Amino acid sequence: MTANLVVGFIGAGLMGWGMAKNVVEKGFDLRVMAHRKREAIDDLVGRGAVEVANPKEMAEQCDVIVLCVTGAPQVMQVLEGESGILEGAREGLTIVDTSTSEPDQTERLHKELAARGIALVDAPLSRTPAHAWDGELTTYVGGDEATIERLRPLLSTWATAIIPTGGPVGSAHAAKLINNVVAIGFASIWAECYTMVRKVGLKPQVFREILTNSGMNCGNFQSYSKYICEGDPNAHKFTLRNCLKDITYYNRLATRNNAATLMSDGALQAMKLSLNLGYGDRFMPELVDVFAALSDLGPSPDTKA
């Protein structure tokens with residue numbers, strides 16, 4: 001698939017920088033564009049990528065465009081905004097949306113773009129920016145098997161696990177929201193429990209050791225715990241603002257499907273409180289400071305808050 005294929009990449013941020021780095025280093029002809037910070041674009045150009053001015057120019061040059069933006073509004077902006085993809089897109093273009101977006105929007109866009117001869121595939125991501133840099137992400141992909149197989153060489157540049165959902169375009173974005181609710185829900189539970197540990201006079205490190213030696217141990221718990229136990233919030237670089245966005249999308253999905261949200265509602269309120277208390281741009285492990293504040297405690301002495 002690499003031969004003569006031109007790939008565009010929009011969204012070289014925390015996850016996207018590493019992903020795009022792997023695309024160009026593994027043999028694809030890459031086009032990139034700047035957004036807020038030059039560092040990632042300058043690095044990618046230094047590795048062989050070509051910079052373009054806007055999504056329109058990218059669409060005029062590319063066979064595939066990868067989106068790795070924040071959410072549904074940003075997807076619509078790069079598609080339909082001024083000098084957007086659709087101004088320059090030609091029949092045969094494929095758009096791979098790795099963002100965490102809204103399934104109903106993805107389903108609608110898939111139908112609208114297909115009428116113009118443009119393919120849309122949803123392929124959201126799991127794991128961390130460090131895994132993106134190493135090309136070891138997990139991605140799940142909606143849509144038909146033939147399209148997924150055609151894209152597999154490209155997806156493999158950033159993902160070691162590629163999981164077809166077996167459902168239509170939009171189903172991968174739904175799966176991503178469900179996956180993220182698991183992560184956000186556990187983060188909320190751990191924040192509450194670490195706060196209770198301090199309330200009863202125990203050290204966070206003791207609780208980490210207890211859970212590490214139980215059936216509840218997992219990689220997310222270990223990365224989450226590095227903040228309260230070691231003062232390192234960067235082990236899990238995902239902002240509470242993005243947590244709120246994702247769980248809000250999930251809530252809309254649940255409403256659309258008439259599904260109960262008894263557990264996720266609590267996590268949703270925790271994310272709202274985080275933003276209201278000014279923690280929106282802090283990372284997920286720092287949710288423990290929100291629970292501490294609500295429980296009349298200051299930050300743990302082991303954190304850098």
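Every value quoted in this text rests on a predicted model; they were computed, and no experiment measured them. Counting from 1, the numbers follow the sequence of the chain as shown.
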Criterion side chain to side chain contact (heavy atoms under 4.5 Å, CB included) on W17 and W133, from CA distance to verdict:
CA-CA 7 Å; W17 184 356; W133 193 261; 3.6 Å; yes

For N213, is the CG atom crowded, meaning more than 12 foreign heavy atoms sit under 6.0 Å from it?
yes

Around atom NZ of K111, are there more than 12 heavy atoms from other residues, nucleotides or ligands closer than 6.0 Å?
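No, not enclosed.
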
Electrostatic pair [X]-[Y], nearest N-O below 4.0 angstrom:
X: D281; Y: R241; answer: yes
X: E112; Y: R108; answer: yes
X: R47; Y: E25; answer: yes
X: D63; Y: R90; answer: yes

Looking only at non-hydrogen atoms, find the nearest pair between V45 and V32 and report the distance.
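Between these two residues, the closest heavy atoms are CG2-CG2, 4.5 Å.
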
Determine, using ring centers only, whether F238 and F283 are less than 6.0 Å apart.
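Centroid distance F283-F238: not below 6.0 Å, so no.
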
For a quick check under 3.5 Å, do N251 and T248 share a side-chain donor-acceptor pair by atom type?
no

Short side-chain donor-acceptor distance under 3.5 Å, N276 and K272:
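Note: K272 and N276 side chains miss the donor-acceptor criterion.
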
R31 and E60: CA distance, side-chain angles, deciding distance, salt bridge (Lys or Arg N to Asp or Glu O under 4.0 Å) verdict:
CA-CA 11 Å; R31 301 291 184 270; E60 291 169 343; over 6 Å; no

Nearest 0.5 Å, please: how far is CG in N242 from CE in M284?
9.0 Å

Hey, can you tell me if Y194 and F221 have their rings parallel, tilted or perpendicular (30° and 60° cut-offs)?
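Aromatic pair Y194/F221 classed parallel.
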
